[in-house]
Amino acid sequence: MAERSEQHVKNQMAAGRRKARHYALQALYQWEMARQSLNEIEAQFLTDYDMRNVDSQFFHDLVHNVPAKLGELHASFESLLDRKLDDLDPIELNLLRMGAYELMFRIDVPYKVAINETVNLAKRFGATDGYRYINGVLDRVAAEHRQVEMQANRKSSSPDASA
């Protein structure tokens with residue numbers, strides 16, 4: 001029974017973060033397009049949207065720290081792009097920023113989760129096949145910033161690991 005309760009808590013936490021990413025993408029898009037103050041945008045979201053089941057700390061972290069670390073984030077993926085940053089769709093650009101941020105600065109989020117969640121948002125809000133592009137770029141960002149975690153994951157999932 002305790003395992004079921006613990007799993008329920010984990011599922012709620014995951015759902016809260018998923019919603020936080022969803023709203024953070026919208027907030028960062030608004031910031032990108034209108035250059036409105038991040039504090040104003042955050043306050044607007046907290047007022048206008050039902051944030052009861054949202055991980056509001058995670059939302060705050062994404063909304064404030066992605067713009068604060070733009071230089072580092074862009075440096076992590078700009079060389080991996082087949083076009084200039086200015087040529088990226090604003091949704092895809094902000095998804096790459098968010099995904100790279102999680103991979104670089106949120107080691108509490110497993111790299112697979114960071115990539116999957118970003119790809120799912122790309123499927124929902126991005127261009128038709130934009131999610132493939134996002135996935136490819138973030139896989140390479142993960143290879144650079146989560147190398148140890150990726151190697152450990154490969155070892156634990158290889159057929160020899162159980163022998």
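- Contacts of His22 classified as ring-ring contact (aromatic ring centres under 6.0 Å, His included), with partners at least two apart in sequence or in another chain: Phe125.
- A cation-pi contact links Arg17 to Phe58, judged by a cut-off of 6.0 Å to the six-membered ring centre and 45° from its axis.
- A cation-pi arrangement is found for Arg83 relative to Tyr133, the charged atom lying closer than 6.0 Å to the ring centre and inside a 45° cone about the ring normal.
- A salt bridge links Glu102 and Arg21; the closest N-O separation between the charged side-chain nitrogens and carboxylate oxygens is under 4.0 Å.
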> Given the rule in the side chain to side chain contact (heavy atoms under 4.5 Å, CB included) test, do Met104 and Lys69 qualify, once you have shown the distances and angles that lead to the verdict?
Replying inline: CA-CA 10 Å; Met104 294 170 67; Lys69 297 186 180 298; over 6 Å; no

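- Take Tyr23 and apply the ring-ring contact (aromatic ring centres under 6.0 Å, His included) test, not counting sequence neighbours, and it matches Tyr49.
- The closest donor-acceptor contact from the side chain of Asp129 to the backbone of Arg132 lies at 3.5 Å or more, if one exists at all.
- The closest side-chain donor-acceptor pair between Arg97 and Asn94 falls under 3.5 angstrom.
- Between Asp61 and Arg106 a salt bridge is recorded (basic side-chain N to carboxylate O distance below 4.0 Å).
- Residue pairs that meet the ring pair (Phe, Tyr, Trp, His ring centres under 6.0 Å) test with at least one member in residues 80-108, sequence neighbours left out, are Tyr101-Phe105.
- The only member of Glu6, Met13, Gln12 that meets side-chain contact (heavy atoms from CB on, under 4.5 Å) when paired with Lys10 is Glu6.
- With no hydrogens or angles considered, a side-chain donor-acceptor pair links Tyr111 and Asn153 at under 3.5 Å.
- Looking only at atom types and distance, the side chain of Asn11 has a donor-acceptor partner in the side chain of Gln7 under 3.5 Å away.
- The pair Arg52-Asp50 meets the salt-bridge criterion, with a side-chain N (NZ, NE, NH1 or NH2) lying under 4.0 Å from an Asp/Glu carboxylate O.
- Between Lys112 and Glu149, none of the side-chain N atoms (NZ, or NE/NH1/NH2) sits under 4.0 Å from a carboxylate O, so this pair counts as no salt bridge.
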